[in-house]
Every structure is written in structure tokens, then in C-alpha cells.
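Residue numbers begin at 1 in each chain, while the letters A, B, ... track the order of the sequences. The analysis underlying the following values was restricted to heavy atoms, covering all of them including side chains, and did not include hydrogens, waters or symmetry mates.
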There are 2 protein chains.
Amino acid sequence: MLNDPMVLAPVADAIRVEPEKRIRDRSATEKAILKAAKSLLAEEGFQNFGINAVARRAGCDKQLIYRYYGGLNGLVEAIGADLGNWVKDRIPEDTGGMFLLTYGDLMERLSLLFLEALRDDPLVRRIVAWEVSENTEQVRRLSEARSKALANWLDRMRGSLTPPKGVDVVAVNAILIAAIQHLVLSASAGGQCAGLALKTSKDWEKAATALKRIVRGVYG
Amino acid sequence: MLNDPMVLAPVADAIRVEPEKRIRDRSATEKAILKAAKSLLAEEGFQNFGINAVARRAGCDKQLIYRYYGGLNGLVEAIGADLGNWVKDRIPEDTGGMFLLTYGDLMERLSLLFLEALRDDPLVRRIVAWEVSENTEQVRRLSEARSKALANWLDRMRGSLTPPKGVDVVAVNAILIAAIQHLVLSASAGGQCAGLALKTSKDWEKAATALKRIVRGVYG
DNA sequence: CAATCAAGTCACCAAACGGTGACGCGCCCT
DNA sequence: AGGGCGCGTCACCGTTTGGTGACTTGATTG
């Protein structure tokens with residue numbers, strides 16, 4: 001008596017009072033899908049990132065994702081395309097009125113800028129977490145795009161400043177970037193990192209001070 | 001002759017050529033499950049870490065996981081129990097014949113030890129990646145256990161050495177640990193980190209040198 | 001008006017997932 | 001001998017997943 005189809009039929013009619021007709025606008029739908037994908041990835045993480053979930057959030061049929069983006073892969077690629085502009089969108093190019101006289105000045109400033117930019121971009125945070133958790137082709141593309149953009153940024157900001165002789169700038173900077181990324185990820189996930197609380201702004205001040213000290217220690 | 005009224009009996013007999021009878025040994029099965037879980041997590045990562053996969057690898061029925069460990073949560077907890085001994089199992093307590101005169105000596109040595117230990121422990125690597133990717137209760141327990149063990153280790157190794165005044169040791173060390181962890185994770189996932197290749201042992205020598213320089217820069 | 005083609009929807013598929021109840025079997029104990 | 005009791009297995013449930021074919025609907029053509 002529960003699952004009686006005769007009873008359900010009128011109910012189904014009663015439900016679709018207003019079908020909320022979807023407009024027939026491909027480019028708008030494409031944008032909606034991309035936006036849904038980005039917000040989903042940013043809020044839920046890569047764990048529950050799938051065709052069904054994206055379609056659900058975009059409010060459209062998943063078939064459209066296959067049609068317009070060729071599946072999840074294409075969608076991820078589309079996300080990665082924006083990633084190249086990340087640094088230039090989120091990080092100010094000017095030096096904030098400061099005069100950067102030495103390479104140490106520069107790296108101190110860039111470190112803090114990078115830290116802050118990463119702190120308030122949940123999408124890129126998730127992507128970084130994704131990069132260190134999986135090794136699929138998708139992720140590798142994302143990683144490459146981000147890595148390249150980052151390197152360009154570093155190089156562009158360097159300007160005419162010359163790093164100190166005798167130190168492996170690439171390696172040292174990689175370690176600094178690694179530290180910042182892991183610090184932010186760790187904080188975002190559990191509110192702390194290796195016993196250092198990272199919740200209040202006071203916590204972050206301590207972290208920033210320590211980071212500055214490290215940068216100054218190696219670059220003078 | 002037996003109480004088998006089924007007509008399919010001969011078919012079943014034909015299929016199960018050798019039943020490969022599982023021995024009735026609870027503790028052995030428990031160990032097999034735990035081992036399977038650890039190896040699965042280490043090799044495949046937390047993505048495909050589920051009841052079915054563990055049971056499949058352990059070669060037993062998933063029901064036994066529920067019975068013996070109370071589900072995946074209990075199993076993860078059992079994994080976490082071993083984690084407390086990780087540092088003491090994987091990292092030598094002695095100083096390798098070195099005389100550590102200053103806090104800088106100590107931290108340089110500990111950094112490299114931690115780096116190497118993490119580099120050849122895929123399980124803990126996966127757990128660290130898990131920690132920065134999810135925020136469930138499971139992961140939080142793992143994270144806490146590891147974090148506590150790490151802090152204890154640092155404190156124990158410090159001995160009577162006194163860190164330099166005026167620097168926030170906790171914060172600086174957290175950043176150093178973060179850097180090492182992310183470096184290893186990144187290398188393990190994609191073979192590089194922020195443009196720094198991390199595949200050959202020569203690559204790692206460069207990374208180690210840079211790390212030493214950073215530690216020395218901040219701790220003298 | 002009629003034909004066409006893209007936009008959007010629906011129904012269905014096989015597979016895998018976590019989870020549970022029930023059953024068979026063998027060992028031990030009285 | 002017989003009655004538990006613990007170990008292992010199996011079948012099944014509902015749900016979700018990625019993926020595909022077939023359909024309706026609407027607008028713009030000739």
C-alpha cells in the first residue's frame with residue numbers, strides 16, 4: 001500500500017507547480033557550471049568533487065557537463081585556466097609604498113603577501129591540498145599551471161634585485177613556499193600546525209613574525 | 001547424504017575447486033586486517049580507503065572488520081595507536097656520534113632526520129596528506145596523536161640545550177616542520193615542489209643543503 | 001507552415017559503496 | 001553425546017556514482 005503508483009501520480013503533478021524554466025542560454029549555463037564547480041571544490045574539497053555533485057549544484061543536468069566540457073577532466077582544465085592569473089589577481093603588484101632595497105626585503109614582503117593571498121582563497125587552498133594528495137593527470141595539470149604562474153610572479157617581482165651569491169635561491173624559495181603552503185593548509189584543516197595554534201589573528205601574527213625571522217635569517 | 005537438498009550443489013562444487021580454508025584464528029585475522037589497512041592506506045592513499053577495499057586486501061569478509069574493530073573508525077584508531085611510537089621507531093635517538101653543542105646544531109640534525117624519516121615512510125606521508133585535506137574526527141585523532149608524539153620527541157631531544165632568547169621557538173619550529181612535510185608530500189606526489197625538482201638523490205642533496213642553510217640562518 | 005538543430009531533461013545502466021541479518025561450520029566444555 | 005559459542009561466509013539492502021541513449025522543447029531558419 002505504500003508504494004502505490006496510482007496514488008503517486010497526482011502527487012507528482014502537484015509537485016511541479018512551477019517548473020522554473022531554465023533559460024536556453026548555452027554560455028550562461030557554461031558559466032553556471034564553471035562557477036558551481038569552483039565553489040563546490042572550494043567548499044567541499046576534492047573528495048566529493050564529481051559529475052553528479054557539480055550538476056546538482058549548478059542546477060542542471062550532468063549531461064550538459066559532458067557536452068560542454070567533455071566531462072570532469074575538461075571542467076578541471078577550465079578551472080586550471082583561471083589559475084594562471086591567480087597571483088596577478090590576488091596579489092598586488094606594487095610594493096605598497098615600500099622601497100625594496102635588498103633581496104631580503106623583497107622575499108620578506110613576498111612571503112607575507114603569498115601567505116595572506118593563500119589564506120583567503122579557499123579554492124586554491126583545496127587545489128594545493130589536492131596536489132599533494134593525488135597524482136592523476138588532472139592534478140598534475142593544475143599543479144603545473146600554478147607552479148609556472150608562481151615562478152613567473154617571483155621572477156617578475158625580482159626586478160633588478162640580485163640574490164645573494166652562494167645560496168641556491170630556487171631551493172631556498174621552494175622551501176619557503178612549501179612552508180607557507182603547509183602552514184595555511186594545516187591551519188585551514190585543523191586550526192594548528194605542529195603544536196602551533198593558527199586560529200586567531202594573534203596566532204597568525206606570531207607565525208608571520210617567525211616567518212619573517214626565517215626569511216631574514218637566510219637572506220639577510 | 002549430507003543435509004544438502006540444493007540442486008546447485010554440484011555446480012558450487014565445480015566452482016570452489018580449492019576452498020583455501022581460512023584458519024579460525026581471531027588474533028591472526030585482526031593482524032591481517034590491520035596490516036592490510038596500513039598497506040592499503042600507504043599505497044593507495046585515503047581516497048580509496050574504505051571497508052570494502054580493506055576487506056578485499058585482507059582477504060576476509062568486511063563483516064569481520066565491523067566485528068573486530070567496530071568499523072572503519074575503530075580501524076583508523078588502531079592505526080593511530082601505532083603512530084605514537086613512530087618517531088621513536090623511525091628516528092634514531094642517539095646523535096650519530098655528533099656532539100651537539102648549540103640549539104642550532106640540534107635543530108639542523110633533527111630537521112634532516114625528520115626529513116629522511118618522512119621520506120621513507122609512505123604510510124605517515126599519506127596520513128599527513130590526509131590531515132591537510134580533510135577535517136573529520138578520524139583525521140583529527142590521527143593528527144593529534146602524531147602532533148603530540150612529535151612535540152614529545154622534540155622536547156626529549158632538546159635535552160639541556162637552551163634555545164636562543166627572543167625567538168618564538170614553537171612558531172619557528174612549526175614552520176620548519178611544515179616546510180619539511182610539504183616538501184616531502186609534494187615530492188612524493190609530483191616529484192617537484194615550486195619548481196624545485198625532487199627526484200634524484202642529487203635533488204635531495206640540494207634541498208637538504210638549503211634546509212640546513214635556513215635552519216642555520218634562524219638558529220645560528 | 002514545416003524542417004532543422006541546439007538546449008535541456010529524463011530514464012536507465014552497471015558498478016561500487018557502507019552496512020546488516022542470517023547461516024554454516026568447527027572447536028571446546030560440561 | 002550434545003549444547004553453546006566464536007569464527008568465517010554469504011546474500012542482500014538502499015544509495016550513490018560515472019556514463020549514455022533517447023527524448024522533449026524552443027527558436028530560428030527556408
Side-chain angles (χ1 to χ4, degrees), chain A residues 2-3 5 8-9 12-13 15-34 36-37 40-41 44-76 134 136-138, chain B residues 1-6 8-9 11-13 15-34 36-37 40-41 44-76 134 136-138:
Chain A
L2 271 177
N3 42 2
L8 292 182
D13 267 7
I15 287 178
R16 43 155 59 213
V17 226
E18 195 58 39
E20 194 72 42
K21 286 273 184 186
R22 170 158 291 276
I23 43 161
R24 292 172 137 264
D25 182 342
R26 168 159 182 164
S27 76
T29 303
E30 281 181 359
K31 285 178 190 170
I33 291 174
L34 187 59
L40 179 69
L41 185 54
E44 307 285 335
F46 56 95
Q47 304 281 3
N48 306 87
F49 186 73
I51 285 280
N52 291 304
V54 172
R56 216 176 299 133
R57 177 169 287 227
C60 73
D61 198 280
K62 57 180 169 181
Q63 175 75 18
L64 300 180
I65 301 179
Y66 286 107
R67 277 223 265 276
Y68 299 156
Y69 291 95
L72 255 195
N73 277 13
L75 191 48
V76 169
E134 249 182 344
T136 62
E137 190 56 36
Q138 288 184 5
Chain B
M1 37 189 89
L2 292 170
N3 46 356
D4 194 356
M6 312 292 275
L8 352 151
V11 177
D13 269 7
I15 289 177
R16 40 156 64 208
V17 227
E18 195 58 39
E20 194 72 43
K21 283 274 183 188
R22 170 158 291 276
I23 42 161
R24 296 173 134 262
D25 182 341
R26 168 158 182 166
S27 77
T29 304
E30 281 181 357
K31 286 179 193 171
I33 291 174
L34 187 59
L40 179 69
L41 186 53
E44 307 285 334
F46 55 96
Q47 304 280 6
N48 306 88
F49 186 73
I51 286 280
N52 291 305
V54 172
R56 215 177 299 133
R57 177 170 286 227
C60 73
D61 198 279
K62 57 181 170 181
Q63 175 74 17
L64 300 181
I65 301 179
Y66 287 107
R67 277 224 264 277
Y68 300 155
Y69 291 95
L72 254 196
N73 277 12
L75 190 48
V76 169
E134 249 183 345
T136 63
E137 191 56 37
Q138 289 183 3

Practice problem: For B/Leu64 and for A/Phe49, find the nucleotide of DNA chain D with the closest heavy atom, then tell me which residue's nucleotide is more 5'. | Solution: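 On the 5' side of the pair lies B/Leu64.
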Exercise. Identify, between B/Arg26 and A/Gly71, the residue whose nearest nucleotide on DNA chain D lies closer to the 5' end.
Key: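 Looking at the nearest nucleotide for each, B/Arg26 comes out on the 5' side.
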Quiz item: Taking A/Tyr69 for the side chain and A/Glu30 for the main chain, is one N or O donor matched with an acceptor at less than 3.5 Å?
Solution: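 A pair under 3.5 Å: yes.
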Quiz item: Would a distance-only check, ignoring hydrogens and angles, find a side-chain to backbone donor-acceptor pair under 3.5 Å from A/Tyr68 to A/Leu75?
Solution: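 Not confirmed, A/Tyr68 side chain does not pair with A/Leu75 backbone.
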Exercise. Mind checking the CG-CD1 spacing from A/Leu34 to A/Ile65? Nearest 0.5 Å is all I need.
Key: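 The CD1 atom of A/Ile65 is 10.5 Å from CG of A/Leu34, to the nearest 0.5 Å.
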Quiz item: From B/Gln138 CD over to B/Phe49 CZ, what is the distance, rounded to the nearest 0.5 angstrom?
Solution: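 CZ of B/Phe49 is found 8.0 Å from CD of B/Gln138.
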If I take atom [atom1] in residue [X] and atom [atom2] in nucleotide [N], what distance separates them, rounded to the nearest angstrom?
X: A/Gln47; N: C/dG18; atom1: CD; atom2: P; result: 13 Å
X: A/Glu44; N: D/dT17; atom1: CD; atom2: P; result: 12 Å
X: A/Ile33; N: C/dA7; atom1: CD1; atom2: C1'; result: 11 Å
X: B/Ile51; N: D/dC12; atom1: CD1; atom2: P; result: 21 Å
X: A/Asn48; N: C/dC17; atom1: CG; atom2: P; result: 15 Å

Quiz item: Which pairs with one or both residues in residues 57-67 of chain A pass side-chain hydrogen bond (donor to acceptor under 3.5 Å, both in side chains), sequence neighbours excluded?
Solution: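 Residue pairs with at least one partner in residues 57-67 of chain A: A/Ser39-A/Arg57, A/Glu43-A/Arg57, A/Asn52-A/Lys62.
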Counting only side-chain N and O atoms of [X], is one of them less than 4.0 Å from OP1 or OP2 of [N]?
X: A/Thr29; N: C/dA7; value: no
X: A/Asn52; N: D/dG18; value: yes
X: B/Arg56; N: C/dG18; value: no

Using a cut-off of under 3.5 Å, enumerate the N/O to N/O pairs linking the protein to nucleotides 20-24 of chain C.
unit_1 : atom_1 : unit_2  : atom_2 : d
C/dG21 : O6     : B/Gln63 : OE1    : 3.2

Self-check item: Residue list, side chain to side chain contact (heavy atoms under 4.5 Å, CB included) with A/Glu134, at least two apart or on another chain
Solution: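 Only A/Trp130, A/Thr136, A/Val139, B/Gln47 meet the side chain to side chain contact (heavy atoms under 4.5 Å, CB included) criterion with A/Glu134.
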